[in-house]
Amino acid sequence: MAQKVTPMTQDFSKWYNDVVKMAELAEHAPVKGCMVIRPYGYALWENMRDKLDSMIKATGHVNAYFPMLIPESFLQKEAEHVEGFAPELAIVTHGGGKKLEENLVLRPTSETIIYHMFAKWVMSYRDLPILMNQWANVFRWEMRPRLFLRTLEFLWQEGHTAHRNEEEAEAETQTALEMYREFAEDTLAIPVITGEKTETERFAGAVRTYCIEAMMRDGKALQAGTSHMLGQNFAKAFDLQFQDQDGENKYAYNTSWGVSTRLVGAVIMVHGDDDGLILPPKIAPHQIVIVPIYRSDEERALVMEVADKVRAALPDVRIHLDDRDQYKPGWKFAEWEQKGVPLRMEIGPKDVAKGQVVLTQRHDREKEFLPIDDAIAQIPTKLDDLQKALLERARAFRDERTHKIDSYDEFKKRVGDGGFYLAHWDGTKETEAKVKADTKATIRCIPFDTDGEEGVCMVSGKPSKQRVVFARAY
RNA sequence: CGGGGCGUGGCGCAGUCCGGUAGCGCACCUGCUUUGGGAGCAGGGUGUCGUAGGUUCGAAUCCUAUCGCCCCGACCA
């Protein structure tokens with residue numbers, strides 16, 4: 001790793017690829033559209049996964065695992081679902097050297113197999129709700145892959161639940177969505193807009209789809225998580241029935257919700273800068289990197305003594321001591337900046353002599369000289385502050401690029417610059433399609449958070465109950 | 001599927017037009033000097049030139065076919 005990252009203003013897409021590569025997060029696998037997640041990238045994902053997993057469990061869900069191979073016929077049982085996913089299925093036709101009697105698909109998502117199993121497990125209303133989650137890989141044969149954002153195989157969690165009635169299912173989708181919002185903002189330091197997808201953007205087979213939407217540094221939107229109210233669509237397709245208290249057999253209501261390794265891409269594109277990655281402390285594989293500086297063995301011993309003291313005093317902080325002898329400090333500074341470590345501690349002979357250490361923040365380069373004990377005492381707070389600072393910085397960035405707009409002519413001129421555009425919409429697919437055809441922008445969501453202002457559609461002039469979020473998206 | 005690009009030591013590339021038996025930078029190994037913003041010098045190892053066929057005394061280079069990947073668009077978490 002001795003190269004520089006392409007500046008994001010020069011070529012955002014190249015910047016992104018450079019950061020992924022230079023920070024050693026991932027690289028292309030020999031197969032088109034697939035990626036190898038390298039240890040540093042995987043450690044980042046693990047930190048994200050572990051936090052979200054604990055939140056999923058805290059809201060009453062349990063983990064399970066379903067197989068990757070699904071009978072092709074299962075996908076065909078729900079009409080919209082098969083239509084939505086058929087074009088991007090990877091299909092296994094042979095096994096053990098023989099052609100299979102029935103093709104198997106590599107799961108693009110697991111509704112079908114999970115509800116097939118739920119149907120076996122549910123007899124009575126007393127068996128409901130089922131609140132389940134799985135961490136898995138899924139395959140979608142996308143035409144245009146991009147590391148982390150859209151790979152043929154990706155890692156995710158998918159929550160799947162079954163309920164007695166629509167109210168309970170609806171509440172569940174909201175619980176999941178709120179969990180995602182909290183996770184994005186508190187853990188990833190990514191501010192998100194919560195809302196409902198339009199019919200066009202809805203998940204194949206869902207009654208309603210809710211989402212969290214984030215803004216990347218190039219002003220484009222990224223769907224960061226979705227939560228679907230599936231109604232009885234899948235229950236009917238898979239005969240997921242239960243006998244209710246009143247003695248009648250009824251179809252259950254399902255929900256499903258997921259976030260994926262795409263979130264790694266979101267973290268890169270929300271926080272990064274021209275020097276590379278910037279990681280929020282809560283998910284950074286190394287929260288602090290210690291770079292020791294020394295000439296002689298004697299100096300080295302003195303410096304390491306301080307480094308050891310710091311590490312011993314902060315057992316709960318993820319501290320990495322970069323004691324590689326083959327690199328000079330300057331090289332290490334540059335490398336850890338590319339890798340986005342939130343806080344760097346330099347300890348050199350001069351510092352040892354003064355009883356101090358040097359702390360440098362990655363996101364704003366602020367440098368401080370602190371007595372060793374003060375540094376130790378302040379570090380936990382500093383990490384919290386850095387976490388908040390990143391969220392606030394991202395929020396300010398997004399808010400500056402979020403505009404109310406009423407004129408379609410103006411919208412057409414400006415939307416290419418990036419940003420979110422809050423505009424009135426008449427609620428029709430036709431208008432949505434026209435905007436997309438004219439500008440490549442889509443309705444990211446109908447936001448929950450609205451001031452209740454009514455108006456007229458910027459395109460058709462027909463009445464509109466509220467503004468929706470238009471943007472170009474990944 | 002359209003448009004563009006690229007396959008040559010581990011990585012990034014030059015060499016291809018004009019055929020002559022493969023080179024540069026980085027990385028790596030050894031030694032010495034270095035270490036507070038990507039160190040220096042000296043020495044050293046590394047290749048079925050994507051694949052197949054053809055032309056030729058001779059092919060990384062010319063011809064034909066083929067495979068793969070990347071980037072930009074249409075489609076998508």
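Naming: A, B, ... by sequence-line order, numbering from 1 per chain.
- When Watson-Crick and G-U wobble pairs are counted only if both distances are under 3.5 Å, B/G45 pairs with no nucleotide at all.
- Looking at heavy-atom distances under 4.0 Å, A/F203 makes no contact with the nucleic acid at all.
- Looking at heavy-atom distances under 4.0 Å, A/G33 makes contact with sugar-phosphate atoms alone, never a base.
- Between the side chains of A/T255 and A/T161, a donor-acceptor pair is found at a separation under 3.5 Å.
- Phosphate proximity of B/C71 to A/S13: absent, as no side-chain N or O sits under 4.0 Å from OP1 or OP2.
- Across all strands shown, B/C75 forms no Watson-Crick or G-U wobble pair with both distances under 3.5 Å.
- Between A/Q326 atom CD and B/U35 atom P there is a gap of 17 Å when expressed in whole angstrom units.
- Side-chain contact, A/Y210 with A/E178: no donor N or O sits under 3.5 Å from an acceptor N or O.
- B/G3 and B/A14 have their C1' atoms separated by 27 Å, with the value rounded to a whole Å.
- Across all strands shown, B/G9 forms no Watson-Crick or G-U wobble pair with both key distances under 3.5 Å.
- We find that CG of A/D325 is positioned 13 Å from P of B/C32, with the value rounded to whole Å.
- Base pairing of B/C18: no nucleotide in any strand meets the Watson-Crick or G-U wobble criterion (both distances under 3.5 Å).
- Atoms CZ (A/F333) and P (B/G36) sit 8 Å apart, rounded to a whole Å.
- The distance between atom CH2 of A/W331 and atom P of B/G38, rounded to the nearest whole Å, is 13 Å.
- Among the protein residues, A/S296 comes within range of no part of the nucleic acid, since none of its heavy atoms lies under 4.0 Å from any strand.
- Remark: the separation of the P atoms in B/U61 and B/U56 is 16 Å, to the nearest Å.
- Contact annotation for A/V138: no contact, since no heavy-atom pair falls under 4.0 Å across all strands.
- Checking B/G37, B/C75, B/G36 against the side-chain heavy atoms of A/K350 singles out B/G36 as nearest.
- When the nucleotides B/C76, B/U35, B/C71 are ranked by their closest atom to the side chain of A/E88, B/C76 comes out on top.
- For a distance-only test at 3.5 Å, the side chain of A/E337 qualifies as a donor-acceptor partner of the base of B/G37.
- Of the C1' atoms belonging to B/G7 and B/U48, the separation is 15 Å, rounded to the nearest Å.
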Evaluation steps, side chain to side chain contact (heavy atoms under 4.5 Å, CB included), between A/N133 and A/W257: CA-CA 9 Å; A/N133 177 67; A/W257 28 273; 4.2 Å; yes

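- At least one cation-pi condition fails for A/K332 and A/Y327: the charged atom is not both under 6.0 angstrom from the six-membered ring centre and inside a 45 degree cone around its axis.
- Residues A/Y115 and A/N233 bring no donor and acceptor atom of their side chains to less than 3.5 Å of each other.
- Counting non-hydrogen atoms under 4.0 angstrom, A/K440 reaches the backbone sugars and phosphates but no base.
- With hydrogens and angles ignored, a donor-acceptor pair under 3.5 angstrom links the side chain of A/Q338 to the base of B/G38.
- At B/G36, one or more side-chain N or O atoms of A/K328 fall inside 4.0 Å of OP1 or OP2 (strictly under the cut-off).
- RNA chain B is contacted by both A/F148 and A/V352; A/V352 maps to the nucleotide lying nearer its 5′ end (nearest heavy atom per residue).
- Under the 6.0 Å distance and 45° angle rule, A/R401 counts as a cation-pi partner of A/F397.
- A donor-acceptor contact under 3.5 angstrom links the side chains of A/D438 and A/Y408, judged on distance only.
- With both pairing distances under 3.5 Å, B/A27 is matched to nothing as a Watson-Crick or G-U wobble pair.
- Distance check on atom P: B/G15 versus B/G20 gives 14 Å, rounded to whole Å.
- At a cut-off of 3.5 Å, with distance as the only test, a side-chain donor of A/T209 or A/H228 sits close to an acceptor on the other residue.
- Contacts of A/L222 with the nucleic acid, taken as non-hydrogen atoms under 4.0 Å apart, are absent.
- Annotation: B/G68 and B/G31 have their C1' atoms spaced 43 Å apart (nearest Å).
- Within 4.0 Å (heavy atoms only), A/P349 reaches at least one base atom of the nucleic acid.
- Atom CZ in A/R38 sits roughly 16 Å away from atom P in B/G10 (whole-Å rounding).
- In this structure, the nucleotide among B/G36, B/C70, B/C76 sitting nearest to the side chain of A/E346 is B/G36.
- Across B/A60 and B/G50, the matching P atoms stand 10 Å from one another, rounded to whole Å.
- Neither OP1 nor OP2 of B/C70 sits under 4.0 Å from any side-chain N or O of A/N17.
- Here B/G53 sits opposite B/C63 as a Watson-Crick or G-U wobble pair (both hydrogen-bonding atom distances under 3.5 Å).
- Put simply, A/R144 has no side-chain N or O that comes within less than 4.0 Å of OP1 or OP2 on B/A74.
- For B/C75, one of the phosphate oxygens OP1 or OP2 lies less than 4.0 angstrom from a side-chain nitrogen or oxygen of A/K436.
- Ranked by how close their nearest RNA chain B nucleotide is to the 5' end, A/L152 and A/D11 are led by A/D11.
- If you measure from atom NZ of A/K332 to atom C1' of B/G37, you get 13 Å, rounded to the nearest angstrom.
- Between the CG atom of A/D274 and the C1' atom of B/G37 there is a distance of 17 Å, rounded to whole Å.
- No engagement by A/R300 is indicated, since no non-hydrogen atom pair under 4.0 Å with the nucleic acid exists.
- With B/C71, B/U35, B/G38 as the candidates, the nucleotide lying closest to the side chain of A/R295 is B/U35.
- Regarding A/Y474, its OH atom lies at a distance of 15 Å from the C1' atom of B/G73, rounded to whole Å.
- Separation of the C1' atoms belonging to B/C26 and B/G40 is 16 Å when rounded to the nearest angstrom.
- For the pair A/R217 and A/F12, the cation does not sit on the ring face, since its NZ or CZ is not both under 6.0 Å from the ring centre and inside 45° of the axis.
- Between B/C76, B/G37, B/C69, one nucleotide has an atom nearer to the side chain of A/K32 than all others, and that is B/C69.
- Taking atom P in both B/C11 and B/U55, the straight-line distance is 34 Å, to the nearest Å.
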